[in-house]
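Working notes for the structure below.
Quick note on labels: first sequence line is chain A, next is B, and so on, each numbered from 1. For clarity, every value in this text was computed on a predicted model and none was experimentally measured.
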Amino acid sequence: MNRTIVEKIISNHCDHPVSAGEVVIPFIDLAMATDGSGPLSIELFQQMQINELRDPEKIIMVLDHYVPCPNDKVARLHDMMRQFCKKTDCKLFDLGEGIGHQLLPEKGYIKPGSIVLGADSHSCTYGALNALGTGIGSSDFAAVMATGKLWLKVPVSVKIELKGRPAKTVTAKDLALYMVGKLGNEAANYASLEFCGDTLSTLDMDDRLTVCNMMVETGAKCAIMPFDQITENFLSQFHSTGFQPVDPDPGADYDKIIEFEVHNMVPQIAAPHQVDNIFAVSELEGTPIDMVIIGTCTNGRLKDLLQAASLLREHQKAPGVELLVVPASRQIYSQAAQQGILELFSQNGAMILPPGCGPCCGSSAGIPGDGKNVLSTANRNFLGRMGNVNANIYLGSPLTAAAAAITGKITDPGEWLHDDF
Amino acid sequence: MTTFEGCAHKFEDDINTDYIISSRRKRDTLDLNILKNYIMEDIDPEFAGKLQPGDILTAGYNFGCGSAMEVAALVLKAAGIKVVVAKSFARTFYRNAINSGLLPIEADTDDIDANDRLRINLKNTGIIIHNLTKNTMVRASAPGGVILEIFRAGGLVNYIRDAGNFPPGVSEK
Ligand code: SF4
């Protein structure tokens, strides 16, 4: 039988070749929990009455959602996680190191062909590295700690072919928002999205992480990029070995094949309160914006910060707009500092927050006020997502976010860019 | 056969886990007996007060989308809900429900209205939803194999505690 990428990856982790629809129990290569899901996972693991981790090397915990710690209750949960990691000998990334979804790829933990689970929905991000990354719950995470395995239904695969070269003002985020709007929930729910097409050669690793990160908003189980020169170059910094890139078999069985023509695409924005409520930025131009967030696991990487800086270098932030910049990891923070752009943001009136999730889900400081319109580079705009049900959240690219910071309104970033951008 | 009977509450499409229980509540406590007072508060502040143990949630497409937090399933169970019937579920909610011993049923919910009385029969071969108020019946498929075993054990914690592991038959590389 001819298999898709996800069928081949899961087959390699079971004792027999599998195909879509089967419920199987593969072993897994790595699992990550955050301070959003870790405390409950630890509690459930203890209830399982199993004394040791099956394999501590495959378990990672990251304190990223509540940074810096906002109150005494969370401080106790953080301490509980620290103590658990020490006792069980598993890896902990403490406060200020960055967001789990950034740290795992950045530190070389994600290998092509592997199964990486995160007790957080945006774990589909790891598909950028030709891995099966998917989100699980706290019981699942506890079971992985206890057994090294997970129950899993092998998903059907939907092939997404991206054709053409995007315009300069169209970033990976715009591409992702466009696809979320078009795919909706019907095409992709429970499915594995498998990318191909000539557009991929224009997407570097930062771009791919952004695209895969957002695909959970279509209901997909995972989103997988092919292994190519760009993947190989990215991995070469870790001198990592022992991985097996996975291609689809010729004639593999896809539930659907969907093509997107990328060259005519324009910058996109998600309006409140659904991620698939997508418009062209130009359609919403002029909508007042009170707060701008540049960061999160979707768009807190160096490339994103540099793109925003390219506009904020030449133009003043509008008075009264609250601008928050949140690098996704300590490494990105340092790189941005070395390149002078943290200084640039700060001089232009921005607040720089420590590496972590920032105000993305209302867990840390940066809660918008009543009636405020927020333009964020995050991945979700649900009612109340940022901690106030009376705020409205728009989602856009770092360029669209920077343009809004400059004008105080939703603004197509195209007119602000030089030809040499 | 397992039977559930209760009064239906009705929700629309795309009910996300932040609506089921908001992140800001979860940040203050993991105590489900406190959290259950805030179920759906952002979309229906009265809702938690109306809930009775045994009530059944019904919804449209994509129930439980958004964050994968398991508290969303656990808090419903803590409020005495044993079954959610929706046209479709987001996959992480479906997993978390099974793992928490809460039964997610995929079925057409158009003919169910708020306050209809439902009786649901779960057999290994399938599920039947009787609408006792309207005197109608809808069939749905039951989860299979290990998924049903986990649900019947009362969730994944009980399952692993009792069995010590998942069933064998998987290669260990
Ligand atoms: S940045 Fe936002 S979406 Fe990403 S892991 Fe953190 S809270 Fe979740």
Side-chain angles (χ1 to χ4, degrees), chain A residues 12-16 23-27 36-37 39-41 43-44 47-50 65-66 70-71 73-74 77 118-121 123 134-140 142-143 146-151 153 155 185-186 189-190 216-217 219-221 274 361-363 380 382-385 387 389, chain B residues 13-14 16-19 22-24 26-30 41-43 61-62 65-74 88-101 143-150 155-173:
Chain A
N12 291 341
H13 291 74
C14 291
D15 63 353
H16 65 285
V23 175
V24 294
I25 304 173
F27 75 90
S37 55
L40 181 58
S41 303
E43 213 169 86
L44 296 172
Q47 288 173 22
M48 286 174 179
Q49 296 174 4
I50 291 183
H65 278 55
Y66 301 93
N71 63 39
K73 292 171 189 141
V74 177
L77 297 177
D120 187 277
S121 55
S123 307
T134 192
I136 57 172
S138 291
S139 292
D140 283 322
T147 69
K149 296 177 204 155
L150 180 84
W151 67 269
K153 189 167 189 175
N185 177 252
E186 285 311 285
N189 205 13
Y190 304 131
V216 71
E217 311 307 334
K221 180 171 230 152
Q274 289 289 136
C361 71
S363 54
R380 288 198 175 132
F382 303 148
L383 186 71
R385 169 77 178 174
V389 289
Chain B
D13 295 344
D14 299 315
N16 66 61
T17 51
D18 285 341
Y19 291 171
S22 123
S23 284
R24 67 180 184 279
K26 194 183 68 151
R27 151 171 134 171
D28 286 344
T29 180
L30 282 180
E41 65 173 324
D42 286 349
I43 50 173
Y61 291 104
N62 202 22
C65 59
S67 156
M69 59 182 175
E70 188 155 331
V71 175
L74 291 171
S88 68
F89 292 89
R91 61 164 286 277
T92 40
F93 184 87
Y94 189 94
R95 294 193 73 80
N96 288 336
I98 292 288
N99 288 343
S100 311
V146 72
I147 303 182
L148 190 58
E149 283 170 36
I150 292 168
L156 190 57
V157 167
N158 293 359
Y159 182 89
I160 298 288
R161 190 186 56 218
D162 297 346
N165 204 333
F166 284 110
V170 236
S171 53
E172 298 261 348
K173 289 190 194 169

Could you check if a side-chain atom of Asn165(B) sits within less than 4.5 angstrom of a side-chain atom of Lys149(A), using non-hydrogen atoms only? yes
Contacting region of [X] [heavy-atom separation from chain A under 4.5 Å]:
X	value
Asn16(B)	side chain
Val157(B)	both
Leu30(B)	side chain
Phe89(B)	both

Under 3.5 Å, is there a donor-acceptor pair linking the side chains of Asp140(A) and Asn99(B)? yes
Between Arg91(B) (side chain) and Gly135(A) (backbone), is there a donor-acceptor pair under 3.5 Å? yes
Based on non-hydrogen pairs under 4.5 Å, which of Gln274(A), Arg380(A), Glu43(A) is most in contact with chain B? Arg380(A)
Taking side chain as everything from C-beta outward and backbone as N, CA, C, O, which of these in [X] sits under 4.5 Å from a heavy atom of chain B? Side chain, backbone, both or neither.
X	value
Leu77(A)	side chain
Ile50(A)	side chain
Val216(A)	neither
Ser363(A)	backbone
Pro70(A)	side chain

Greatest number of non-hydrogen atom pairs under 4.5 angstrom with chain A, of Met69(B), Arg95(B), Glu70(B), falls to Arg95(B)
For chain A, which of Ser100(B), Gly144(B), Ser67(B), Gly164(B) has the most heavy-atom pairs under 4.5 Å? Ser67(B)
